[in-house]
Each structure stands twice: as structure tokens, then as C-alpha cells.
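Following: one structure in C-alpha cells, then a few remarks.
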There are 2 protein chains.
Amino acid sequence: MKVSSKGEYALRALLVLGELHGKVVSIQEISDKTLVTVSYLEQILLKLKKLGYLESKRGTNGGYILKRETRDINIGEVIRVLEGPLSPMGCASITKYEPCQLEPSCQLKPLWSLVRDTIAYVLDQTTLEDLLENRIALNKGDDFLAFKRTN
Amino acid sequence: MKVSSKGEYALRALLVLGELHGKVVSIQEISDKTLVTVSYLEQILLKLKKLGYLESKRGTNGGYILKRETRDINIGEVIRVLEGPLSPMGCASITKYEPCQLEPSCQLKPLWSLVRDTIAYVLDQTTLEDLLENRIALNKGDDFLAFKRTN
DNA sequence: AAAATGTTGACTAGAATACTCGACTTTTCA
DNA sequence: TGAAAAGTCGAGTATTCTAGTCAACATTTT
């Protein structure tokens with residue numbers, strides 16, 4: 001059930017850019033703060049730009065700048081565009097459903113659907129702003145407190 | 001955030017064996033019902049046997065038989081042994097924690113921890129019996145009622 | 001003895017992951 | 001005006017993971 005490095009790194013980069021919202025930040029600086037190599041970040045940042053999250057400026061003192069408001073950047077969406085559906089199985093995916101022969105009577109699909117829903121519930125309710133302010137979904141609803149970690 | 005075929009197939013096989021609890025079922029029959037090839041099932045069933053979920057009988061009319069009670073087979077546990085931690089990131093894993101340089105001030109870890117907890121919450125509370133009896137919260141409630149188990 | 005099973009270990013093709021690299025374009029500024 | 005500092009783009013690559021296959025063997029039943 002892993003999330004790939006691309007998704008993780010994209011979020012790291014967005015956090016850096018969100019923290020410096022309004023400023024142009026070079027790939028090098030993002031690299032320093034995220035511990036991701038410059039050449040790998042090139043790929044990821046370019047993709048985020050094409051997806052409309054970032055703007056760029058070339059030349060000396062160039063770099064990337066966050067285009068959207070931090071509260072309008074949805075984490076579930078970022079993960080989906082960078083690494084596909086949140087669902088653990090194609091049969092339970094809403095964004096990219098894949099049929100399965102066993103489906104009519106499958107006893108697993110309800111489970112995968114529930115897992116998908118829980119993951120989507122968490123990630124789709126979380127924004128970049130939430131992460132920046134260390135406000136994760138825990139406080140978003142009382143019925144969610146059941147998940148609170150006891151550490 | 002995918003689950004691998006091994007985990008899925010293992011659960012399919014366990015469902016077949018759970019449905020016929022007490023009977024010896026050949027790999028061939030399990031293959032027919034799960035749509036998984038015999039040779040791949042060999043691997044998976046053997047592993048499940050070594051993990052204590054199954055017993056086997058060789059020779060004519062041989063096959064596999066469920067060793068534990070269906071209510072004592074925990075789905076989260078099955079997934080973990082067959083494909084590793086539930087956590088989307090090593091930093092948030094409880095069963096296989098991996099350190100990360102960013103950790104002291106990482107703004108993502110709380111999110112990954114929450115995701116881990118929600119997945120674990122669902123899977124660790126579900127047993128093979130639950131799956132066999134279709135006792136999984138189906139309705140995607142407007143809120144998070146989906147988590148409230150009705151039994 | 002023959003047939004029907006499970007057991008074991010090795011092997012493999014293909015896909016995905018996690019990058020790297022080089023050549024190019026644009027912008028700034030001395 | 002030219003050199004340097006950026007982003008852009010396309011291709012390449014090493015490694016790991018996935019999803020199996022396969023052949024030879026061991027055991028049990030009939």
C-alpha cells in the first residue's frame with residue numbers, strides 16, 4: 001500500500017513553495033530543503049507546473065512559484081495525478097475502475113471499497129494549508145477522533 | 001496505494017477455504033474458483049500454510065484445509081505478512097519503521113500516520129468471517145458512518 | 001504400481017520505479 | 001553584448017518488484 005517517491009517528493013516540494021508563498025524558489029533550493037536531487041525534481045516540478053499548481057520563471061534568479069492558494073490544493077488530487085487512483089484495487093476505483101470477472105459475487109470488493117473510501121476521505125479533505133499548519137484531518141470531525149493515535 | 005496480487009489472491013483462497021471449512025480442497029479447485037493459476041497458487045498456499053493458516057494433505061484427494069477459525073483470521077495480518085506494512089511510508093510504519101532525515105520537522109508524517117491508522121483500523125477489525133458473511137460497511141455515508149460497524 | 005496430489009527451489013519476462021544526463025532555451029546582469 | 005544562471009525537454013538506464021512459470025521431487029491413495 002505504498003505511496004511512490006514521486007508523490008512524496010511532489011508534496012515535499014509543494015510544502016516548501018507553500019511556506020515561501022509568493023517567492024520564486026530555485027530547484028536547487030527546493031532540492032536542499034527536500035533532500036531530493038535536482039535532476040529528479042526537474043521532472044516533478046515540471047509536471048506540477050503543467051498541472052497548474054506552479055508557475056516558473058527562467059533565467060538568473062528564476063525558479064518556481066506556487067500558483068494556487070494553499071487552501072485550494074487538495075492532497076488527494078495531487079496524489080491521484082502523480083500516481084494514479086487511491087483505490088487498492090481497480091475494482092473499487094472510482095477514478096479508474098477496472099472490471100473483474102469475480103465481481104458479481106466478490107466478497108472482497110466491499111472491503112477494497114471501504115479502504116478506498118477511508119483513504120479518499122482523509123486525503124481529499126486535507127489541503128496544503130492543513131499540512132503547513134500541522135492541521136491534519138484529526139480535528140475535522142468528531143466521528144474521526146476514533147482514529148486518533150495514542151502516542 | 002495498490003495492494004498486490006499476492007495479497008488479493010491469498011484472500012481469495014482463504015475465502016474459498018473458509019466457505020468449505022472442514023473440507024480438503026485441492027489447488028485445482030481453488031484455482032477454478034479464484035481464477036488464479038495453479039502454479040501461482042502453489043506459492044501462495046504454501047506460504048499461508050507455513051504461516052499457520054492452513055494445513056495440507058498430500059496424495060490423491062489431498063489439498064488444503066483451513067486450520068484456524070474464520071473469526072480468528074485477521075485481514076490486516078494477512079496483508080501484512082504477504083506484502084509488508086500497511087503504512088504508505090516507512091516513516092509512519094509501526095511494523096517496519098524506517099527513519100528519515102526530514103523527520104524531526106516533517107509535515108507529511110502526521111498525514112501518512114493518519115492514513116496508516118485508517119487503513120489499519122479497517123483491516124485489523126475485519127476477519128475472514130466478516131468477509132464470508134458480507135459484514136462490511138457498504139454505504140458510503142455522507143459522513144464517516146461507513147466506519148461504524150453494524151454488528 | 002500408478003495416479004493424484006502437495007513441495008520445493010530456481011528461474012524469468014516484463015513493468016515499474018527512481019532516478020541521471022545532455023543539449024537546449026530563456027532571462028538577467030555586469 | 002556575452003557569460004552565467006536558471007528552467008525545459010527528451011532520452012536513457014540501473015535496479016527492484018511483480019507476477020508469474022517450471023521441473024523435479026515426495027507423499028498418499030487406490
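Everything numeric here is computed off the predicted structure, so don't read it as measured data. Quick note on labels: first sequence line is chain A, next is B, and so on, each numbered from 1. For the numbers below, each heavy atom of this structure counts, side chains included, while hydrogens, waters and symmetry mates do not.
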Of all residues at least two apart in sequence or in a different chain, which pass the salt bridge (Lys or Arg N to Asp or Glu O under 4.0 Å) check with [X]?
| X | value |
| --- | --- |
| Glu77(B) | Arg68(B) |
| Arg58(B) | none |
| Glu133(A) | Arg135(A) |
| Lys2(A) | none |

Over all atoms of both residues, closest heavy-atom pair of Gly76(B) and Leu86(B):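 Looks like O-CD2, 4.4 Å.
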NZ-CG distance between Lys67(A) and Leu48(A), expressed to the nearest 0.5 angstrom: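 So the gap between those two atoms works out to 12.0 Å.
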Separation between CD1 of Ile79(A) and CD of Glu83(A), rounded to the nearest 0.5 Å: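 The distance works out to 5.0 Å.
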Interface residues of residues 21-29 of chain B with DNA chain C (non-hydrogen, below 4.0 angstrom):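 Output list: Val25(B), Ser26(B), Ile27(B).
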Proximity to DNA chain C (any heavy atom under 4.0 Å), residues of residues 44-51 of chain B only: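 When residues 44-51 of chain B is checked for heavy atoms under 4.0 Å from DNA chain C, the hits, listed by number, are Leu46(B), Lys49(B), Lys50(B).
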Considering only heavy atoms from C-beta outward, does the side chain of [X] approach that of [Y] to under 4.5 Å?
| X | Y | answer |
| --- | --- | --- |
| Lys6(A) | Gln43(A) | yes |
| Leu17(B) | Tyr53(B) | no |
| Glu69(A) | His21(A) | yes |
| Leu123(A) | Leu111(B) | yes |

Sugar-phosphate only, base, or nothing, as touched by Gly62(A) at under 4.0 Å among non-hydrogen atoms: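 Result for Gly62(A) = sugar-phosphate.
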DNA chain C: 5'-most and 3'-most nucleotides touching chain A, 4.0 angstrom heavy-atom criterion: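 Listing 5' to 3', DNA chain C meets chain A from dA18(C) to dC29(C).
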B/S/- contact track for nucleotides 15-22 of chain D, protein heavy atom under 4.0 Å: ----BBBB
Angle of first-five versus last-five pair axes in the helix from dA1(C)-dT30(D) to dA30(C)-dT1(D), to 10 degrees: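 Both end axes considered, the difference amounts to 10°.
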Sequence neighbours excluded, every pair satisfying ring pair (Phe, Tyr, Trp, His ring centres under 6.0 Å) that has a member inside residues 61-86 of chain B: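 Checked against ring pair (Phe, Tyr, Trp, His ring centres under 6.0 Å) - neighbours excluded - no pair reaches residues 61-86 of chain B.
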Distance in angstrom units between Asn61(B) CG and dT28(D) P, rounded: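 For the pair Asn61(B) CG and dT28(D) P, the rounded distance is 14 Å.
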Between dT28(D) (P) and Tyr64(B) (OH): distance, integer Å: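 Spelled out: OH on Tyr64(B) to P on dT28(D) is 14 Å.
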All side chain to side chain contact (heavy atoms under 4.5 Å, CB included) counterparts of Ser5(B), not counting sequence neighbours: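 In terms of side chain to side chain contact (heavy atoms under 4.5 Å, CB included), with neighbours along the sequence ignored, Ser5(B) is linked to Tyr9(B), Tyr40(B).
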Partner of Ile30(A) by side chain to side chain contact (heavy atoms under 4.5 Å, CB included), out of Val25(A), Val36(A), Val38(A):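 Answer after filtering Val25(A), Val36(A), Val38(A): Val25(A).
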Donor-acceptor pairs under 3.5 Å, side chain of residues 97-104 of chain B to any protein atom, not counting sequence neighbours: which ones?
residue   : atom : partner   : partner atom : Å
Tyr97(B)  : OH   : Glu103(B) : OE1          : 2.6
Tyr97(B)  : OH   : Glu103(B) : OE2          : 3.2
Glu103(B) : OE2  : Lys109(B) : NZ           : 2.7

